[in-house]
Amino acid sequence: MKFAVIRFPGSNCDQDCQRSIDALPGASAEYVWHKETSLAGYDAMVLPGGFSYGDYLRCGAIARFSPIMPAVRAAAAEGKLVIGICNGFQILCEAGLLPGALVRNEKLHFVCRDTWLRVETAETPFTNRCAAGDILKIPVAHGEGRYTADTETLAELNANGQVVLRYTEANGQVSPAANPNGSMENIAGVCNAARNVFGLMPHPDRATEQRLGSEDGRVIFESMLNLSYVA
Amino acid sequence: MKATVVVMPKASVLDPQGVAVKNAVHSLGLAAVESIRVGKVMEIELSGPLDAAGEKQLHTICHELLSNPVIEDYRLEISAS
Amino acid sequence: MKATVVVMPKASVLDPQGVAVKNAVHSLGLAAVESIRVGKVMEIELSGPLDAAGEKQLHTICHELLSNPVIEDYRLEISAS
Amino acid sequence: MSPNITPEVIAKHGITPEEYTRIQAILGRDPNFTELGVFSVMWSEHCSYKNSKPELRKFPTSGPRVLVKAGEENAGVIDIGDGWAVAFKMESHNHPSAVEPFQGAATGVGGIIRDIFTMGARPVFSLDSLRFGPLSEPRNRQLFAGVVSGIAHYGNCIGVPTIGGEVYFDESYNGNPLVNVFCLGVLRHEEIARGAASGIGNPVFYVGAETGRDGLAGAAFASRDLTEESKEDRPAVQVGDPFKEKLLLEACLELLASGCVAGIQDMGAAGLTCSTCETASRGDTGVEIDLALVPKRETGMTPYETLLSESQERMLIIVKLGEEDAVKRIFEKWDLPYAHVGFVRDDGMMRVKNHGETVVEIPAKKLADEAPIYHREVKARPIPAPFDNAQLPETDLQAALPALLADPSIASKEWVWQQYDHMVRNGCVVRPGSDSAVFYIREADKFVAATSDCNSLYCSLDPREGAKAAIAEAARNLACSGAVPLAVTDNLNFGNPHNPENFWQLQQCVEGLAEGCNAFDVPVTGGNVSLYNQSPAGAIDPTPTVGMVGLIESEEHITTQHFQSEGDVIFLLGEIGHEMGGSHFLKVLHGRKEGLPPRVHFATERAIHDALRKLIRMGTVRSAHDCSEGGLAVALAECSFANQLGARVQLTSNEPDAVALFNESQARIILTTDPAKAAQVVSELESIGVPFSRLGVVGGSLLTIVARQTWEWPVADLRAGWSSAIGRWMDHS
Ligand SMILES: Nc1ncnc2c1ncn2[C@@H]1O[C@H](COP(=O)(O)OP(=O)(O)O)[C@@H](O)[C@H]1O
Ligand SMILES: [Mg+2]
């Protein structure tokens with residue numbers, strides 16, 4: 001399976017993503033520069049973390065107008081897999097490919113630490129190798145990760161099982177203390193209605209090796225590699 | 001010509017920065033402050049007057065780039081000098 | 001009563017955000033934009049009118065808390081409603 | 001147009017009459033106004049080290065692993081094996097941070113990162129060493145918050161993880177905080193880039209941010225006392241753009257890999273001035289540029305302003321003749337402003353033109369290397385007598401431990417490092433919170449450990465011994481993580497050198513550091529001198545910050561300070577100790593900064609570090625932590641926090657309990673081992689012949705210390721106070 005890791009100016013987790021994915025059996029990951037306009041030949045698109053365009057104005061606000069974005073949009077429409085991690089999630093929200101928005105952390109500080117995530121649904125191409133209720137230990141690192149959406153949108157997300165990950169305690173309890181940024185309903189990751197576009201603030205790309213403290217992030221990419229999965 | 005865009009968080013969106021500033025102001029003893037909301041302002045220098053089309057385009061840019069309608073509202077003022 | 005504080009980067013000070021936004025606006029095709037500077041705006045709800053002392057205090061707060069005179073200037077406007 | 005050169009103008013530039021005559025001699029004429037400005041920055045302490053050079057010569061700078069020596073280039077380079085090397089250095093941004101904490105600290109990070117990639121190295125991590133006045137002062141909280149978010153802003157955005165550092169709070173830093181930032185980069189031996197203008201006729205390119213009036217003469221600014229007026233010295237504060245620097249970083253590394261570059265030099269302090277004359281001087285060539293070609297942000301800038309501007313995120317690149325187009329393509333790919341501003345010449349001149357008219361013409365070598373050298377007057381301060389433990393004030397020891405752990409200088413720095421992205425680049429394998437940070441350099445498949453240390457309280461009481469202690473602690477922190485020390489970078493933060501006592505402190509500290517480096521066979525590969533750290537209240541405590549880098553031979557050797565499992569046996573390497581002078585016990589609990597600080601015995605230190613490393617290699621060590629501020633009791637508590645595992649230990653000492661628990665004698669390490677291996681540890685330590693004792697066992701929810709009396713604390717309570725102390729000051733005030 002061929003992954004495109006899209007490099008925006010200011011991306012800084014591009015290497016971490018490329019290496020963690022490329023190391024998986026059956027996966028190969030290549031960089032695609034944001035000035036490109038085609039994603040032909042790629043099965044999955046990764047929008048990595050970082051500070052695209054310095055995150056000036058709003059995180060992802062400028063990147064979403066990059067030359068590559070129409071191709072990302074088209075790939076999403078074709079049903080190809082698109083995952084946005086951290087800044088990538090922010091870009092996908094700004095581009096309207098995912099509902100809601102990510103705003104300044106409630107405590108106003110950048111926060112870098114481990115978080116525990118409860119898998120809310122295994123019915124996505126990104127979590128099909130998990131079981132609903134599984135707890136993943138994956139770190140966050142962001143200043144603007146507070147997920148926000150209006151009440152209707154939230155209701156809809158919950159109704160359609162589009163909330164994929166929530167911040168919880170290690171034991172799976174949803175609590176304010178477990179929420180690193182004040183996200184509504186402790187939401188850490190959501191997918192679109194068609195379930196082929198997924199955004200999350202935590203960094204699975206930073207949790208694929210025991211030496212880094214956790215391997216729990218790998219299951220996200222392994223799920224994407226699971227060709228036998230049909231929605 | 002000059003255009004000024006003010007972008008404020010929607011009333012429905014929690015503004016912790018505003019709250020933090022309010023608390024700081026109170027701790028400095030200005031009790032008269034009831035609430036503060038913090039937004040962005042963009043001062044734009046224009047090479048010349050905008051025709052209707054240009055103004056429409058500027059509104060589109062405010063809507064799509066300078067603000068995020070999910071969480072923010074914007075005000076656009078165009079003025080000579 | 002309402003007070004509005006606008007905090008802008010000093011003219012001589014680099015405003016990387018403004019430059020980034022200007023480039024983005026250009027790439028969206030609005031060439032008429034010559035320069036953009038991005039600042040903060042604080043909308044303050046007051047419980048009632050400020051007396052001279054209160055207004056002076058608000059200025060001090062703008063100077064010491066809401067802006068950093070090293071790199072920013074501020075404008076304060078007080079208005080009914 | 002430009003003012004004539006009156007004695008006032010000369011004085012305003014910080015140039016003495018003697019220096020002025022020297023300038024006339026070099027030029028064979030009077031300098032013009034612009035040239036005077038050029039001399040004033042190049043001959044400032046910040047650029048010329050004119051006050052500290054004779055002292056710096058005392059450092060050992062060579063060794064089998066040294067590839068680029070201190071002072072040769074922007075940063076030293078050290079061999080780490082298999083054709084790989086690391087470049088690292090520490091820089092201060094104290095004065096800018098005092099006036100604008102956020103931007104001052106941010107541009108400090110940007111500056112040191114530029115130094116590293118100028119060497120051809122990819123920056124892989126940073127450390128930050130910070131000093132502030134007490135948090136009880138609102139202004140200090142403002143400075144602390146601003147500095148930390150400034151470092152986070154720049155480091156997080158550019159994607160270089162900040163994985164360690166230190167923070168201390170003391171009155172002597174009121175109004176004059178210290179912001180020292182360390183950065184390390186990795187490169188292949190053959191990738192080392194030089195800052196020399198070589199190749200007569202080669203084109204000289206300017207790339208990066210446009211030049212504005214930022215930080216005019218910041219180098220001179222850093223070479224003056226901080227006074228009330230410096231608040232008005234506003235133009236000296238620059239604004240950083242980490243996004244621009246990220247593009248510059250990637251473009252420069254791509255450029256260097258392309259083989260089109262003959263020389264490269266960042267524009268730091270003194271901007272264009274420094275970079276043109278230093279590249280010419282290093283290349284034994286001349287450099288000629290035309291300021292009219294320099295990309296500018298502001299209109300109407302004079303040659304003086306353009307040359308002395310300290311706008312950030314700029315580089316000077318000497319391109320191999322004929323490769324211009326390849327170079328331009330790379331700049332354009334990264335959307336960076338650039339311009340071909342001049343050429344390398346053969347006449348040894350730094351020649352600056354403006355629209356073709358020559359405005360500066362100075363022999364580059366003389367300007368760069370022949371700054372005056374001063375041997376400052378020194379006046380020794382009395383060294384305090386050893387603290388008489390019989391005179392120890394009455395203290396409630398039950399309350400003493402929680403109080404020490406909640407002192408901001410000892411408390412957890414989590415509030416700080418959670419704001420830093422310490423995980424980007426997937427290399428931080430020992431995160432902040434243990435003695436040294438450990439980073440896995442993937443491209444080289446090497447594990448590097450790094451720490452920054454300095455107890456300035458010791459240095460204020462006995463500068464030489466305090467500096468020795470800084471080296472000893474750094475080496476100890478590395479040993480505790482399983483690393484062998486490789487080399488040192490240092491940041492000498494002192495007061496005004498014209499004060500003989502301040503200069504004596506500098507001299508004593510340098511000699512102490514040098515002695516320590518020799519004792520551990522670690523060369524100094526570079527560093528930074530920051531003098532004039534004074535506020536109206538006086539000079540800061542002498543602060544010779546030490547950044548030390550070590551190599552861990554195999555992943556299995558990586559060790560942390562955290563107790564690992566119930567039943568593990570606890571040993572103390574070294575003596576129980578007795579020295580209370582300069583202790584945090586006296587400072588924090590009794591407000592007394594006094595007494596003779598602990599003596600450093602390098603032979604013992606080394607023997608103990610070697611013994612620890614031997615045990616680690618044998619696979620017998622579960623955790624290791626050194627004793628520093630707060631002594632044994634604080635160190636034991638720190639070991640228990642991460643995994644919330646208590647301990648029961650017995651201290652046999654003829655000292656009173658206060659001394660046994662809280663003295664700060666050096667050369668002490670707490671290690672734990674699997675009970676099954678305890679006997680092996682004992683026999684090994686006996687055969688090596690280092691002092692040690694078996695203290696007790698890990699386990700339970702209490703920290704119990706049995707001395708003359710039995711002392712007992714719930715680990716959870718100690719941890720709560722320790723981990724929230726700084727946050728309580730910062731978030732709820
Ligand atoms: N400013 C900082 N930035 C990042 N990490 C820090 C900072 N200050 C302290 N730390 C981390 O907190 C831990 C304890 O610091 P410190 O008390 O100085 O350790 P030690 O006394 O062993 O040198 C170390 O891991 C250190 O790297
Ligand atoms: Mg230590």
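All chains are named by letter (A, B, ...) in the order of the sequence lines, taking the proteins before the strands, and each is independently numbered beginning at 1. Only this structure's heavy atoms are used, side chains among them; waters, hydrogens and symmetry mates stay out.
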Using a cut-off of under 4.5 Å for heavy-atom pairs, which of [options] has the most such pairs with chain B?
options	result
C:P49, C:A31, C:G54, C:S35	C:S35
C:A3, C:A32, C:G18	C:A32
C:V21, C:V5, C:V7, C:L28	C:L28

Chain C contact via [X] - side chain, backbone, both or neither, heavy atoms under 4.5 Å:
X	result
B:L46	both
B:V6	side chain
B:Q57	side chain

If one checks every heavy atom of C:V38 against chain B at 4.5 Å, the contacting part turns out to be both
Turns out that what part of C:L50 lies under 4.5 Å from chain B's heavy atoms comes down to side chain
Q: Answer yes or no: are there more than 12 heavy-atom neighbours, outside B:H63 itself, under 6.0 Å from its atom NE2?
A: no
Only one of B:V25, B:I36, B:V41 passes side-chain contact (heavy atoms from CB on, under 4.5 Å) with C:M42, and that residue is B:I36
Shortest non-hydrogen pair, C:L65 vs B:A24, comes out as CD2-CB, 3.7 Å
Ranked by heavy-atom pairs below 4.5 Å to chain C, first place among B:M8, B:Q17, B:E34, B:K40 goes to B:E34
To the nearest 0.5 Å, atom CZ of C:R37 lies from atom OG1 of B:T4 at 13.5 Å
